[in-house]
Amino acid sequence: GETVHLEVQAERQPFESHEWTLIGRGAWAAPPRALIVDACSSGFDLLIEPRGRTLQVAARYRPGPATRAANMVLAERFRLLAAQTLLHYPALWWAAQRGKAPLHVSVTAGPCGVTMLAGPGGVGKSTIVSAGLSHGEIATADNVCACDSRTAYGLVEPLRIQGGSGGLAAPHGRREVPLVGRVSSLEPDRLVVLRRAVAGSGTTVGPLPAAEAARELVAGTYMAGALR
């Protein structure tokens with residue numbers, strides 16, 4: 001069954017929060033409900049309420065003049081921000097309540113095993129995923145997964161690659177293309193950390209101590225633009 005239910009409402013009136021407790025700038029609570037005003041500076045107010053195994057999310061678009069103007073001028077930015085605010089963040093938050101952590105990784109599977117790719121943005125993870133898919137591999141995510149100690153559950157997103165034909169524009173000169181061969185989850189049996197080579201040096205491959213690999217994984221997640 002569903003775990004997150006999203007309802008985007010046409011109303012422009014604020015959600016009722018009379019006598020609710022202020023818990024942060026723009027955030028109010030009346031347990032078990034919470035209200036976030038102008039979530040992620042997107043112009044959307046979110047009313048969130050857990051109901052059993054399902055997180056109910058009601059959204060109303062109520063931007064102030066400055067936010068409305070920015071969303072109109074920067075339409076591409078607003079499209080991505082709206083997807084993160086309405087879909088990605090509630091799903092990741094609810095997954096965290098089930099013991100899963102967001103990681104900025106790609107996870108693919110082929111004949112030799114299941115690989116989790118880690119590293120900073122722009123280092124080539126999507127390029128490797130795209131190449132694998134063209135050779136019959138499957139993937140659960142190109143960008144972000146919710147993970148426990150064993151399984152990676154991919155966030156549903158398109159593949160964003162350099163030089164893609166068609167599709168919508170994406171940040172850093174990339175294009176969005178469908179992530180074909182996507183599966184809901186995979187169980188990685190190896191972690192591959194990608195690093196950008198120093199100018200003038202060749203490509204090298206070698207083992208990495210577990211503690212160092214973990215630091216790379218955490219650092220790449222904290223610095224990921226999609227998770228800020």
Side-chain angles (χ1 to χ4, degrees), residues 1-6 40 48 53-55 57 79-162 164 166-172 174-194 213-214 216-228:
E2 66 181 11
T3 55
V4 179
H5 179 86
L6 171 67
C40 306
I48 302 169
R53 295 181 58 83
T54 302
L55 180 69
V57 182
R79 181 181 66 83
L80 297 172
L81 182 58
Q84 291 173 335
T85 303
L86 298 177
L87 301 174
H88 301 168
Y89 293 159
L92 290 173
W93 181 83
W94 195 233
Q97 306 311 301
R98 309 290 182 85
K100 299 174 181 62
L103 293 178
H104 180 227
V105 294
S106 306
V107 181
T108 66
C112 296
V114 183
T115 303
M116 175 180 283
L117 297 168
V123 78
K125 296 188 296 297
S126 299
T127 300
I128 293 176
V129 171
S130 179
L133 293 174
S134 67
H135 288 84
E137 292 189 1
I138 59 175
T140 186
D142 161 55
N143 190 43
V144 177
C145 289
C147 303
D148 55 26
S149 61
R150 182 174 180 176
T151 306
Y153 300 86
L155 206 64
V156 179
E157 292 184 287
L159 185 64
R160 299 184 177 100
I161 57 174
Q162 296 282 353
L168 296 171
H172 311 297
R174 298 175 297 175
R175 307 292 298 183
E176 292 186 352
V177 298
L179 203 170
V180 296
R182 183 188 177 276
V183 294
S184 61
S185 65
L186 289 170
E187 296 184 2
D189 54 28
R190 72 203 66 191
L191 172 63
V192 175
V193 176
L194 303 181
E216 298 265 1
L217 185 60
V218 172
T221 295
Y222 270 97
M223 293 305 296
L227 292 172
R228 288 177 188 165

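Count residues from 1 along the sequence.
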request  = Show the numbers, then the answer: is there a side-chain contact (heavy atoms from CB on, under 4.5 Å) between Leu55 and His5?
outcome  = CA-CA 6 Å; Leu55 180 69; His5 179 86; over 6 Å; no

ask   = For the side chain of Lys125 and the backbone of Pro120, is there at least one donor-acceptor N/O pair under 3.5 Å apart?
value = yes

Considering all heavy atoms, the nearest Val129-Thr108 contact = CG2-CG2, 3.6 Å

Could you list the donor-acceptor pairs under 3.5 angstrom formed by side chains in residues 133-141, with sequence neighbours left out?
unit_1	atom_1	unit_2	atom_2	d
Ser134	OG	Ala131	O	2.6
His135	ND1	Ala131	O	2.9
Thr140	OG1	Gly154	N	2.9
Thr140	OG1	Val183	O	2.9
Thr140	OG1	Ser184	O	3.1

ask   = Got a donor-acceptor contact below 3.5 angstrom from the Trp94 side chain to the Val4 backbone?
value = no

Any donor-acceptor pair under 3.5 Å from Ser130 side chain to Ser126 backbone = no

query = At what distance, to the nearest 0.5 angstrom, does CG of Leu117 lie from CG of Leu217?
reply = 11.0 Å

query = So with a 6.0 Å cut-off around CZ of Arg150, is the heavy-atom count from everything else above 12?
reply = no

note = Heavy-atom nearest pair, Thr221 first then Pro102, reads CG2-O, 3.4 Å

inquiry  = Just so I know, are the side chains of Leu194 and Ile128 near enough to count as touching, which here means a heavy-atom distance under 4.5 Å?
reply    = yes

request  = Just jot down the side chain to side chain contact (heavy atoms under 4.5 Å, CB included) partners of Ala213, sequence neighbours excluded, or say none.
outcome  = Leu191, Val193, Leu208

message = Let me confirm one number: the SG-OH distance from Cys147 to Tyr153, rounded to the nearest 0.5 Å.
response = 9.5 Å

inquiry  = I'd like to check His88 versus Glu157 (side-chain heavy atoms, cut-off strictly below 4.5 Å). Are they in contact?
reply    = yes

query = Mind checking what makes side chain to side chain contact (heavy atoms under 4.5 Å, CB included) contact with Ala146, not counting sequence neighbours?
reply = Leu92, Ala95, Lys100

task = Find the distance between CD (Glu187) and CE (Met116) and round it off to the nearest 0.5 Å.
result = 11.0 Å

key: Side-chain donor/acceptor of Ser106 to backbone N/O of Asp142, under 3.5 Å   = yes

message = Are Arg53 and Arg98 packed together at the side-chain level, in the sense that at least one heavy-atom pair is separated by less than 4.5 angstrom?
response = yes

query = Which pair of heavy atoms, one from Gly99 and one from Asp148, lies closest together, and at what distance?
reply = O-CB, 4.2 Å

note = Tightest non-hydrogen contact, residues His104 and Ala224, listed as CG-CB, 3.5 Å

